[in-house]
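Some notes on the structure that comes next.
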Amino acid sequence: MKKFFIVMAAVAMAIVAVEEASAQNLQVIPSVSVNGSAQIKVTPDVIYLTIKLDESDTKGKVTVEEQRKGMFSALKKCGIDIEKQLSVQGMSSSFYRKRGSLAATQYELKVGSADEARKVFEQLEKVGVVNVNISRATSSKLEEYRTEARQAAMRNAQMRASQLAEAVGQTIGACYEINDYTTNVEVSTRGRLLMKNAVMMDAAVTEEAEPEVDFEQIVINYNISAKFYLNTEKQ
């Protein structure tokens, strides 16, 4: 039994010695870890307008059908392809002053620029359709811009790593780890209609008021982290 314990103790000491030797022989791989970021601003080229035809807007004097004809006429003057760009969102009716049911129909119109949206506002206003709002704006090439932002963030990380290495007289090698930690690409859009109302302006201004449509750009932010080998030989 005594010999058994002696043998076991010797084996344990040998294992410890091997582990210590292995730890001493481990080489720390020089590397540099950085974050990269990129931001791209895009002008919206897909804009959605909500158009509501409501008999209550005229207290029942103009039917939805009459408003619809006026809307179609106005949109054609703007060069709108009604079949492709206009869609029905819903129809409803409400009881008005015990005189009967007043109908309402809502449409969604897709346009390609702020200037086109402005023309639509102008022409619809001329035919008495005033319940028009900008619902949302986006880009038809959003995924392409996201890819561009992702690649730009990676190049930014490489540049930062190179600058850090250069500060100590070294260079970077290959990238051996990339982490994409952008969980949600920020897309911030907000369309606004700016009405220049001559009544609210100086009384001396007599020119006809015109609507001006302006949009904030879509902002795409991307963030990554990366690790590069560090060449220890100084230049």
Side-chain angles (χ1 to χ4, degrees), residues 28-52 78 80-81 84-87 89-90 106-121 131-196 210-232 235:
V28 177
I29 301 177
S31 62
V32 56
S33 178
V34 294
N35 294 326
S37 61
Q39 182 182 92
I40 294 179
K41 293 184 178 181
V42 181
T43 300
D45 64 354
V46 180
I47 302 159
Y48 293 92
L49 307 180
T50 299
I51 305 172
K52 187 175 182 180
C78 298
I80 299 294
D81 187 330
K84 293 182 179 180
Q85 295 176 247
L86 187 69
S87 60
Q89 284 191 318
Q106 185 164 297
Y107 293 86
E108 183 176 73
L109 178 67
K110 178 181 176 181
V111 297
S113 67
D115 185 60
E116 188 175 10
R118 178 185 60 78
K119 292 178 181 178
V120 168
F121 274 102
N131 203 337
V132 186
N133 296 290
I134 300 169
S135 58
R136 65 188 190 279
T138 185
S139 171
S140 60
K141 298 181 179 180
L142 193 57
E143 288 305 319
E144 294 180 23
Y145 289 123
R146 284 176 174 170
T147 298
E148 183 180 337
R150 187 183 298 114
Q151 294 174 344
M154 187 61 215
R155 289 193 295 270
N156 179 252
Q158 185 180 32
M159 179 189 68
R160 290 183 177 182
S162 181
Q163 290 175 342
L164 289 174
E166 185 179 355
V168 291
Q170 297 177 347
T171 60
I172 61 171
C175 177
Y176 66 90
E177 183 177 316
I178 302 173
N179 293 304
D180 180 351
Y181 58 86
T182 300
T183 57
N184 183 29
V185 177
E186 177 186 353
V187 181
S188 175
T189 61
R190 184 178 64 193
R192 59 182 184 273
L193 174 64
L194 306 178
M195 298 297 295
K196 296 179 180 179
E210 293 184 358
E212 178 184 344
V213 182
D214 188 26
F215 288 92
E216 290 186 357
Q217 290 184 306
I218 299 171
V219 179
I220 302 174
N221 291 310
Y222 221 92
N223 301 283
I224 60 98
S225 67
K227 293 181 181 180
F228 296 83
Y229 288 113
L230 189 61
N231 299 323
T232 57
Q235 303 299 309

>> Run the side chain to side chain contact (heavy atoms under 4.5 Å, CB included) test against Glu166 and tell me which residues pass, sequence neighbours left out.
In response: none

Between [X] and [Y], what is the shortest heavy-atom contact and its length?
X: Ala149; Y: Ile220; result: CB-CG2, 4.0 Å
X: Phe228; Y: Gly173; result: CD2-O, 3.8 Å
X: Ile47; Y: Ser113; result: CD1-C, 3.3 Å
X: Ala165; Y: Ile172; result: CB-CG2, 3.8 Å
X: Ser37; Y: Asn223; result: CB-OD1, 3.4 Å

Does [X] reach the side chain of [Y], with side-chain heavy atoms less than 4.5 Å apart?
X: Pro44; Y: Ile218; answer: yes
X: Ser31; Y: Glu177; answer: no
X: Val111; Y: Ile80; answer: yes
X: Ile40; Y: Tyr222; answer: no

>> If the threshold is 4.0 Å, N to carboxylate O, is there a salt bridge linking Glu108 and Arg136?
In response: yes

>> Less than 4.0 angstrom from a charged side-chain N to a carboxylate O is my criterion; do Glu116 and Lys119 meet it?
In response: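 No salt bridge links Glu116 with Lys119.
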
>> What verdict does the side-chain contact (heavy atoms from CB on, under 4.5 Å) test give for Asp115 and Arg118, after you've listed the backbone C-alpha separation in whole Å, the side-chain angles of each residue and the deciding distance to 0.1 Å?
In response: CA-CA 5 Å; Asp115 185 60; Arg118 178 185 60 78; 2.7 Å; yes

Counting only N and O atoms by type, is there a donor-acceptor contact under 3.5 Å from the side chain of [X] to the main-chain atoms of [Y]?
X: Asp45; Y: Ser140; result: yes
X: Gln85; Y: Leu109; result: no
X: Arg160; Y: Asn35; result: yes
X: Asn179; Y: Ser225; result: no

>> Quick one, Lys52 with Asn133, criterion side-chain contact (heavy atoms from CB on, under 4.5 Å). Give me CA distance, side-chain angles, the key distance, then yes/no.
In response: CA-CA 9 Å; Lys52 187 175 182 180; Asn133 296 290; over 6 Å; no

Calculate, to the nearest 0.5 Å, the distance between atoms [atom1] and [atom2] belonging to [X] and [Y] respectively.
X: Leu230; Y: Thr171; atom1: CG; atom2: OG1; answer: 7.5 Å
X: Ile224; Y: Arg155; atom1: CD1; atom2: CZ; answer: 11.0 Å
X: Ser135; Y: Gln89; atom1: OG; atom2: CD; answer: 7.0 Å

> Which pairs, with at least one residue in residues 136-180 and sequence neighbours excluded, count as a ring-ring contact (aromatic ring centres under 6.0 Å, His included)?
Replying inline: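 Sorted pair list: Tyr176-Tyr229.
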
>> The criterion is ring pair (Phe, Tyr, Trp, His ring centres under 6.0 Å); which residues satisfy it with Tyr48, sequence neighbours excluded?
In response: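 Ring pair (Phe, Tyr, Trp, His ring centres under 6.0 Å) list for Tyr48, sorted by chain: empty.
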
>> Testing the 3.5 Å rule here: is there a donor-acceptor pair between the side chains of Asn221 and Gln39?
In response: yes

